[in-house]
Amino acid sequence: MLAIPGIIAIIIFIYARPQEFFEHLRVVPWLYAFFALASFGILLDLRVKNARLFATPQFTWVLTFLIWAAFTVLIRAPGGAFDHILELSICVSLFLLIAHGVQSFRALHVVAGVVLAMVLLVCGVGAHQGFAPTGCVIIDESNPGDMATGKPDGRPCITPRSCYTGDSEPGADYMCEHIGLLGTTSVGRGRVRYRGVLQDPNELALAGGAGLPLAFGFSQEKKGGFSRRFLGVLTFVLVLLCAALTASRGGQLVCLAVLAVYFGKRAGLGGILIASLLAAPLLIFGGRSGQEADSSTLERMGCWAEAIQMWREHPILGVGLGQFTEHHYMTAHNSYLLALAELGFPGIILFGIIIYLSAKIPFAVLRHMSAPSSEYLRLGMPLANAWAMALLAAFAGLAVGIFFLSFTYHYVLWIYIGLSGALYSAVHRHDSTFRVRFGWKDLTVVTIASLAIIVFVFFYTRWKLA
């Protein structure tokens, strides 16, 4: 398919961020160029009949989400609306390109493989960074206190105090952190991270955990059996090691949820026990504890409480897309609550529907494959089952992980939403009887789940912050 090169380039630039460590790449807006290339490729695919024109189950709800979000910020803060609408439009475009430009199992195999390669890259950099020597990191003067802008100055260190002696710059602020590959540095006393959209350790851990089942999907293919099983083991070890080095408690839960769903689906309670044993090293050696962890928890509780308060004051429209930090000094640290606070109750419902449908698609594929209705699907059933199981486990991890992170408008989440749509497209293109519908029962489930989140957070934060 002609859209695939552009889609692959977008994924690489979002994860790897080569434009950040190769300065000559910064002169061209590559992301927009690759979006144009992928869009042109889809048009050519439609023209030469490599692809068909049909909507995935999430399509209507994603567009409705974009329109509603744009409406809220145009009402609440019209002066700065353009940048926030553009940012969300990029997420929606990611979904549209992947979900509708990837319409075969072969193309899905390639795109998912690129995502997995990027997961291995960022987790590999994180693992190397965790064992690398420490060095002095000078904080950018234009953003004092912003750890994301730190740059190594080439001097080794043991403690931050040692960075203020010798050849230190007068008046500069320093950190003493691990110096990794590609100009990356750890943050907050050695917590590993990457760059760009994965510069936060918690986000790196979530991206790694969500990518783990993709390796399991590849390992189930019969062709190249040993090498693919080795890939699965390598990814498992690297992702769990990186998650431990990020010291992310949310990352632990993501990995545990992914393993529990993957093995529980295949072996019931015994599979869940196996998953717990596999995740035991991460649970033992990962995460944070003590005063720092308690402080982080209370800080997160405060953000959740602020999100609930914003919604109570603006129950329908919320405070507007991208306006949370205009009312509080930090973001919500919860994707569902961020949608609630910024977009009101309709916002959390629409966001919940998108996540629900993205998880329902692979579940429906697994059920559909149990009685395939065409010869093509009978031949391709193992591949379809492998990717459906992988994406179902990925969304189990994502659903848990985004409860602790502001991922509502995060590119990585929308890439997976696109992959779910691509799985639907691949099955539907070769079997037009396959459908994934969203009815009143589904809406009831999403509404009850949304209300449960609101009620739980309301009483939990009141108790913890009392």
Side-chain angles (χ1 to χ4, degrees), residues 12 14-23 25 116-140 143 145-169 172-209 211-212 215 231 233-252 254-255 281-282 284-290 292-293 296 412:
I12 291 173
I14 285 175
Y15 273 91
R17 310 295 292 180
Q19 66 274 32
E20 292 194 10
F21 44 86
F22 293 120
E23 293 187 3
L25 293 178
L116 176 59
M118 293 299 99
V119 168
L120 289 171
L121 170 66
V122 298
C123 288
V125 170
H128 170 272
Q129 185 186 112
F131 295 100
T134 53
C136 295
V137 179
I138 185 171
I139 299 173
D140 190 344
N143 294 282
D146 182 0
M147 302 301 185
T149 60
K151 184 177 181 180
D153 70 357
R155 295 181 297 147
C157 63
I158 299 176
T159 65
R161 178 174 295 181
S162 60
C163 294
Y164 290 91
T165 60
D167 297 329
S168 62
E169 292 190 17
D173 291 322
Y174 285 92
M175 302 179 293
C176 182
E177 297 289 347
H178 295 281
I179 310 300
L181 300 172
L182 306 178
T184 61
T185 65
S186 62
V187 68
R189 300 180 184 178
R191 300 181 67 197
V192 304
R193 59 177 180 166
Y194 191 66
R195 308 179 69 116
V197 296
L198 299 178
Q199 66 183 4
D200 182 271
N202 299 301
E203 295 178 353
L204 175 59
L206 173 55
L212 178 58
L231 175 65
V233 174
L234 173 64
T235 307
F236 173 80
V237 173
L238 198 57
V239 166
L240 263 65
L241 176 60
C242 184
L245 292 172
T246 62
S248 171
R249 292 167 293 177
Q252 293 181 22
V254 171
C255 292
L282 175 61
I284 294 172
F285 298 107
R288 290 173 290 167
S289 59
E292 181 185 359
S296 176
V412 170

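Gln199 places no side-chain N or O within donor-acceptor distance of the main-chain N or O of Tyr194, the cut-off being under 3.5 Å. With hydrogens and angles ignored, the 3.5 Å screen pairs a side-chain donor or acceptor of Arg195 with a backbone N or O of Leu182. With Tyr164 contributing its side chain and Glu169 its backbone, the two residues share no donor-acceptor pair below 3.5 Å.
Distance OG/Ser248 to CG/Leu206: 8.0 Å, rounded to 0.5 Å. Taking CD of Glu203 as the start and OG1 of Thr246 as the end, the distance is 11.5 Å to the nearest 0.5 Å.
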Donor-acceptor pairs under 3.5 Å, side chain of residues 235-242 to any protein atom, not counting sequence neighbours: which ones?
residue : atom : partner : partner atom : Å
Thr235  : OG1  : Leu231  : O            : 2.8

Residues 119-139, side-chain donor-acceptor partners within the protein, below 3.5 Å, at least two apart:
residue : atom : partner : partner atom : Å
Gln129  : OE1  : Ser186  : N            : 3.2
Gln129  : OE1  : Arg193  : N            : 3.1
Gln129  : NE2  : Thr184  : OG1          : 2.9
Gln129  : NE2  : Arg193  : O            : 3.0
Thr134  : OG1  : Cys157  : O            : 2.6

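Considering all non-hydrogen atoms of both residues, Ala205 and Gly251 come closest at CB-CA, 3.7 Å. Shown here for Pro201 and Val187, the closest heavy-atom pair between the two residues is CG-CG1, 3.6 Å. Contact record, Leu198 with Ala207: CD2-CB, 3.8 Å, taken as the closest heavy-atom pair.
A cation-pi arrangement is absent between Arg161 and Tyr174 under the rule of less than 6.0 angstrom and at most 45 degrees off the ring axis.
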side-chain hydrogen bond (donor to acceptor under 3.5 Å, both in side chains), that's the test. Do Asn202 and Arg249 meet it? Break it down for me.
CA-CA 8 Å; Asn202 299 301; Arg249 292 167 293 177; over 6 Å; no
Go through the steps for Thr185 and His178 under the test side chain to side chain contact (heavy atoms under 4.5 Å, CB included), then give the verdict.
CA-CA 6 Å; Thr185 65; His178 295 281; over 6 Å; no
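For the side chain to side chain contact (heavy atoms under 4.5 Å, CB included) test, residues two or more places apart in sequence or in another chain that qualify with Pro18 are Phe13, Ala16, Phe21, Phe22, Leu25. In this structure, Gln19 has no side-chain hydrogen bond (donor to acceptor under 3.5 Å, both in side chains) partners at least two apart in sequence or on a different chain. Applying the side chain to side chain contact (heavy atoms under 4.5 Å, CB included) test to Thr165 and every residue at least two apart in sequence or in another chain returns nothing.
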